[in-house]
Trainee: 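Before I ask anything, here is the structure I am working with.
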Amino acid sequence: MKKVLTVAAVVEVATGMALLIVPSLVGRLLFGAEFTGVANPAARVTGIALLALGVGCWPGSTALCGMLTYSILATLYLAYLGVIGEWVGPLLWPAVVLHGILTVLLARAYFQSRPPN
């Protein structure tokens, strides 16, 4: 089971990284059409989610690590979208704030759960 989980985690991380770096290529290879417009940022958020899934499923990791990874990366990416101003809907900044709050709460839980050195 550990080997299968490791392989699955590697595949999800690789797919997530591909969606983050070259979303249009992934769209063309998977669906036969390039992602355009708002599909690119949506694909990148999906890539962040797959990357976090891979982190959470990595042997020895925890769901908390996966959620913390997702929350940090989603906060940063959504804030980036807001700053560049190309894709700004009415819920973008509230989503950034919500993910920021979740990041702080998850980080606190992560550091409290670690044994002291």
Trainee: Side-chain contact, heavy-atom cut-off 4.5 Å: Leu78 with Leu81?
Mentor: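 Yes; the side chains approach each other to less than 4.5 Å.
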Trainee: Quick check: does any side chain N or O of Thr75 sit under 3.5 Å from a backbone N or O of His99, one acting as donor and the other as acceptor?
Mentor: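 Between the backbone of His99 and the side chain of Thr75 there is a qualifying donor-acceptor contact (under 3.5 Å).
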Trainee: Distance check, rounded to the nearest 0.5 Å: Leu73 atom CG versus Arg44 atom CZ?
Mentor: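 Nearest 0.5 Å value for the CG-CZ distance: 13.5 Å.
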Trainee: Side-chain heavy atoms nearer than 4.5 Å, only ILVMFWY residues, links allowed to pass through others: does that put Ile21 and Leu25 together?
Mentor: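 Looking at the clustering, Leu25 is in the same group as Ile21.
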Trainee: Does one hydrophobic cluster hold both Leu68 and Leu76, with members joined at side-chain heavy-atom distances below 4.5 Å?
Mentor: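 Yes, because Leu68 and Leu76 connect within a single hydrophobic cluster, where side-chain heavy atoms sit under 4.5 Å apart.
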Trainee: Ignoring hydrogens, what is the shortest heavy-atom contact between Gly54 and Ala9? Give both atom names and the distance.
Mentor: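 In this case the closest contact between Gly54 and Ala9 is O-CB, 3.5 Å.
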Trainee: Can you spot which of Val10, Leu5, Leu53 makes a side-chain contact (heavy atoms from CB on, under 4.5 Å) with Trp58?
Mentor: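 For Trp58, the side-chain contact (heavy atoms from CB on, under 4.5 Å) check succeeds only for Val10.
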Trainee: Which distance, rounded to the nearest 0.5 Å, do you find between the CG of Leu51 and the OG1 of Thr46?
Mentor: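 The distance works out to 12.5 Å.
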Trainee: Nearest heavy-atom pair of Ser61 and Val55: which atoms, and what distance?
Mentor: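 That would be OG-O, 2.8 Å.
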Trainee: Return the OH to OG1 distance between Tyr110 and Thr69, rounded to the nearest 0.5 Å.
Mentor: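 If we round to the nearest 0.5 Å, Tyr110:OH and Thr69:OG1 are 9.0 Å apart.
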Trainee: Find out if a path of hydrophobic residues (ILVMFWY) with successive side-chain heavy-atom gaps under 4.5 Å connects Leu30 to Leu19.
Mentor: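 Per the 4.5 Å side-chain linkage, Leu30 and Leu19 are co-clustered.
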Trainee: Evaluate Trp93 against Val96 for side chain to side chain contact (heavy atoms under 4.5 Å, CB included), listing each step before the verdict.
Mentor: CA-CA 5 Å; Trp93 286 110; Val96 170; 3.9 Å; yes
Trainee: Treating Ile, Leu, Val, Met, Phe, Trp and Tyr as nodes and any side-chain heavy-atom pair under 4.5 angstrom as an edge, say whether Val97 and Ile48 lie in one connected cluster.
Mentor: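 Not linked; separate clusters.
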Trainee: Answer yes if Leu92 and Leu98 sit in the same cluster of Ile, Leu, Val, Met, Phe, Trp and Tyr residues linked by side chain heavy atoms under 4.5 Å apart, and no otherwise.
Mentor: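 Different clusters: Leu92 never reaches Leu98 through Ile, Leu, Val, Met, Phe, Trp or Tyr contacts under 4.5 Å.
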Trainee: Can you tell me how far apart CE (Met67) and OG1 (Thr103) are? Round to the nearest 0.5 Å.
Mentor: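 Here the rounded value is 9.5 Å.
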Trainee: How far apart are the closest heavy atoms of Phe35 and Pro23, and which atoms are they?
Mentor: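 Here Phe35 and Pro23 meet closest at CD1-O, 3.0 Å.
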Trainee: After noting the C-alpha distance and the side-chain angles of Tyr70 and Leu106, does the key distance pass the side chain to side chain contact (heavy atoms under 4.5 Å, CB included) rule?
Mentor: CA-CA 10 Å; Tyr70 176 77; Leu106 289 166; over 6 Å; no
Trainee: Determine the minimum heavy-atom distance between Leu20 and Gly47, stating which atoms define it.
Mentor: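 Looks like CG-C, 4.3 Å.
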